[in-house]
Amino acid sequence: MGSWEFLPNPGREEEGLGHAGIETFKGSPYPGIARECSQNSLDAAARTADGTPEPVHLVFRLLSVQSRDIPGLSDLKVTLKTCLHQWKDQKKEREFFERAVKVAERPTIPVLSIEDYGTTGLVGPAVKGRPFHALVKSSGVSQKADSDARGSFGIGKNAAFAISNLRTVFYSTIYNSGNGRSSLIQGKSILVSHEQEGEPKRSTGYWGKPEYMPVDDPAALPQWLRRTKVGTTVASVGFAEEQGWQWLMTESLIRNFFSAVSNGAIRFTVLASENEAIEINASSLAELFGRAEVREAAESTGTTEDLDFSAAMLAALTSDDAENLIQHFDGIGTFRVTILQKEGFPRRVGILRNGMYIADNLRHFGHPMARFPMSRDFVAVLQPEDRDTSGLVRDMESPKHDEISAERLDDLVRRRTLKLAMKKVGDWVRGAIKSATTTPGEADILLDEMNRFFSRPSAGQSIPDPANKNDDPERSKITVNALPLKPLVGSGDRGESGSAGGSKRNQKSGGKTAGQREGRGRGAVGGRGGKSVSYTGLRNSLSDRGGVRRLAFTPDATATVILEIAAVGVSSDEALAVRSINGVPCSKSPKIGLTAGERVNLDIEFEAPYLGPISLVLSPVAEDSNAN
């Protein structure tokens, strides 16, 4: 039953292996298929009478299928050999088809079967506008029942082809129809354009009934393609198996869907064999984050920090100590932010939607969320609070659901509205984090451990100071200098601040100041080695524009200097990146020209809002420096 048919190509368009949708997932194929199939299954979750989604169970099962049980394999092998012959001059295509022919000639062929349960299945019939047609026969189209569905562009369907050495996938589904339960089964290959019996063919072909239609009677199909329960099976034929693939899948599943797993919306089973099952559910989730195999998988894909970040977000969502704030924003909807403080947390913000991790920033709305000066260690989770808000966020997501940008919207008015609203969301999140994680300054600090060094007036006996002629602290003696010294305020070699440093730790290079302590090299705290330019009359205030720092000072020397500003902390200072000076964009450590005795007035805008105390260092630029 059924045969392979490739689409006609009357225009003789040339199509190679560089299919944009498949190439999207080639860099990380296992995490790609894990993420995309999971979100599609969650979108298709069956609902109870009151509209609540039922729990979804997704199974990743590795099968070893006899070649005779692969529908239409003999026809497909002929096509593979034809493509190899006609594209042998192209290195990429020649290597792919040589490998594909060898795989197709094996007596048994590996198949990764991805089966979901607790879903509606791919509802048919196989016509335009129905989910089955949208998955199997559409490009750049999704057909989702909910406005806040996790998938949006339909590009995720290509992930299954990225893990197939034959670029061939079978779909099998059972869904409830007006006549009871119905079945649809179809195969699809995405190869290259070619000629068959003198007729030009496109790269896409289908297995099934004539006219590219799916089979609706599963009785004649091999057992591995048959389903007995409502749901969908997506099977990648010629699975590109890699050692430890099951842990690569597991790592991606827990890293991206920890929230949906934790709240019971979905659970996973990964079967490398019938005797080796990895169960991912609410009770096993925390243990899996610490499994050595999961950690090794993350190291191999460079996602260890992201895995730790997801573990921290899970802790925030499940902790009684977390702070939860909810706010409504006109134009976008209602959001919830969850903040948990703990030593060692990465000080990052994660954005989730419908239990799926999306991104860690709102950089397209002016909030990169990369720095949080003066904050204690924390993790924050931002989520839409309702389905309408979630639907609007979904419209701004990239095809891989790893970025949010209003620029994807064609409606200019809607784009502007959402950009303004999301910028306010970012302002709110930053403000909430600052309020929750920054310790306010105290006017007085009691240091009990210093008491023994100071006498009390009631003690009767004073403590003499060998270095001070005034041996009675209760009876002050004042000595007036004949020639009072002019106090210098600032970070120069004679200024009150020692932030310019003394000698560098590396004595072989760099300048040397009059300071006694080691500097930290380049930076706002240690200066840049050498002497900095001193100044007097520093004035520091916030302008009426808000978020802009107004500085005024008088330099004691004529020079070109690098302006270095730092946030003053209790234990250390932290450099502040400058965005603009007097409204003009500049480098993060800008240069300015100074004239001795001439007053300087600057309006400074930082990369990230900062309202706390600062220090200022003016580091002279070497004469032969050509740095910007």
Side-chain angles (χ1 to χ4, degrees), residues 254-256 258-259 262 286 289-290 295 298-299 302-327 335-353 356-383 402-404 422-441 520 523-525 547 565-579 588 605-615:
I254 65 174
R255 175 163 48 85
N256 289 289
F258 59 88
S259 179
S262 178
F289 270 106
R295 306 292 300 180
E299 290 175 5
T303 56
T304 300
E305 288 187 5
D306 293 330
L307 183 67
D308 292 337
F309 180 35
S310 292
M313 286 190 285
L314 175 63
L317 294 176
T318 56
S319 173
D320 294 333
D321 296 328
E323 180 177 350
N324 285 276
L325 301 173
I326 299 176
Q327 183 73 32
F335 286 85
R336 173 191 295 268
V337 64
T338 302
I339 304 171
L340 180 64
Q341 300 181 56
K342 184 178 179 182
E343 186 176 354
F345 271 9
R347 298 208 292 178
R348 292 174 66 182
V349 179
I351 303 171
L352 309 185
R353 186 175 58 79
M356 179 177 69
Y357 172 74
I358 303 297
D360 66 350
N361 66 82
L362 293 174
R363 62 187 182 89
H364 292 287
F365 307 97
H367 294 285
M369 302 293 184
R371 297 179 62 254
F372 297 90
M374 312 301 291
S375 289
R376 294 185 292 272
D377 292 347
F378 72 92
V379 70
V381 182
L382 177 67
Q383 304 179 82
D402 57 1
E403 190 177 60
I404 302 173
M422 288 301 294
K423 188 179 188 307
K424 292 180 180 178
V425 172
D427 291 336
W428 172 65
V429 171
R430 273 201 167 275
I433 291 172
K434 180 179 179 181
S435 176
T437 65
T438 304
T439 302
R520 299 188 182 183
V525 178
I565 303 175
V568 178
V570 175
S571 59
S572 64
D573 297 352
E574 184 172 351
L576 296 172
V578 178
R579 175 180 292 172
K588 294 183 178 180
E605 182 184 8
F606 299 121
E607 288 284 353
Y610 177 70
L611 305 178
I614 64 169
S615 67

task: Evaluate the criterion side-chain contact (heavy atoms from CB on, under 4.5 Å) for residue pair Trp428 and Leu325; output intermediate values, then yes/no.
output: CA-CA 10 Å; Trp428 172 65; Leu325 301 173; 3.8 Å; yes
field: Shortest non-hydrogen separation from Met374 to Ala567 and the atoms involved
entry: SD-CB, 4.2 Å
- line: Closest non-hydrogen atoms of Val379 and Ala312, given as atom of the first, atom of the second and distance, are CG1-O, 3.5 Å
statement: Here the salt bridge (charged side-chain N to carboxylate O under 4.0 Å, His left out) pairs for residues 422-431, sequence neighbours left out, are Lys423-Asp427
message: Under the rule for salt bridge (charged side-chain N to carboxylate O under 4.0 Å, His left out), what residues qualify as partners of Asp377, not counting sequence neighbours?
response: none
message: For a quick test of reading the model, state the closest non-hydrogen atom pair linking Arg295 to Asp308 and the distance between them.
response: NH1-OD1, 2.6 Å
statement: Shortest non-hydrogen pair, Asn361 vs Pro368, comes out as CB-O, 3.3 Å
statement: Ser375 meets the side-chain hydrogen bond (donor to acceptor under 3.5 Å, both in side chains) criterion, sequence neighbours left out, with Thr437
message: Quick test of your reading: applying salt bridge (charged side-chain N to carboxylate O under 4.0 Å, His left out), list the pairs with at least one residue in residues 314-324, sequence neighbours left out, ordered by first then second residue.
response: none
message: Run the side-chain hydrogen bond (donor to acceptor under 3.5 Å, both in side chains) test against Thr338 and tell me which residues pass, sequence neighbours left out.
response: Asn324
side-chain contact (heavy atoms from CB on, under 4.5 Å) partners for Ala311, two or more places apart: Phe289
query: By side-chain hydrogen bond (donor to acceptor under 3.5 Å, both in side chains), which residues pair with Gln341, not counting sequence neighbours?
result: Arg376
query: Got a second to check how far Arg255's CZ is from Leu314's CG, nearest 0.5 Å?
result: 14.5 Å
message: As a quick check of understanding, evaluate side-chain contact (heavy atoms from CB on, under 4.5 Å) for Leu307 and Ile254, giving each step before the final call.
response: CA-CA 8 Å; Leu307 183 67; Ile254 65 174; 4.1 Å; yes
query: Can you tell me how far CD of Gln383 sits from CD1 of Ile358, rounded to the nearest 0.5 angstrom?
result: 10.5 Å
message: If you define the side chain from C-beta out and look only at heavy atoms, does anything of Leu317 sit under 4.5 Å from Phe258?
response: yes
message: Going by ring pair (Phe, Tyr, Trp, His ring centres under 6.0 Å), name the residues that satisfy it together with Phe372, two or more places apart in sequence or in a different chain.
response: Phe378
task: Please identify each residue that fulfils side-chain contact (heavy atoms from CB on, under 4.5 Å) with Ile351, with sequence neighbours left out.
output: Leu362, Leu382, Ile404
task: Report the C-alpha separation of His367 and Met422 in whole Å, then their side-chain angles, then the decisive distance to 0.1 Å, and conclude whether the side-chain contact (heavy atoms from CB on, under 4.5 Å) test is met.
output: CA-CA 9 Å; His367 294 285; Met422 288 301 294; over 6 Å; no
Results of side-chain contact (heavy atoms from CB on, under 4.5 Å) for Arg348 - residues two or more places apart only: Asp306, Phe309, Pro346, Tyr357, Asp360
- prompt: Considering all heavy atoms of both residues, which atom of Thr318 and which atom of Ser262 are nearest to each other, and what is their separation?
  reply: CG2-OG, 3.7 Å
query: Hey, what do you get for CG (Leu340) to OG (Ser319), rounding to the nearest 0.5 Å?
result: 4.5 Å
statement: Sorted by chain and residue number, the side-chain contact (heavy atoms from CB on, under 4.5 Å) partners of Glu607 (sequence neighbours excluded) come out as Ala577, Arg579, Lys588
- line: Between Arg371 and Ala608 the two heavy atoms that sit nearest each other are NH1-CB, 4.5 Å
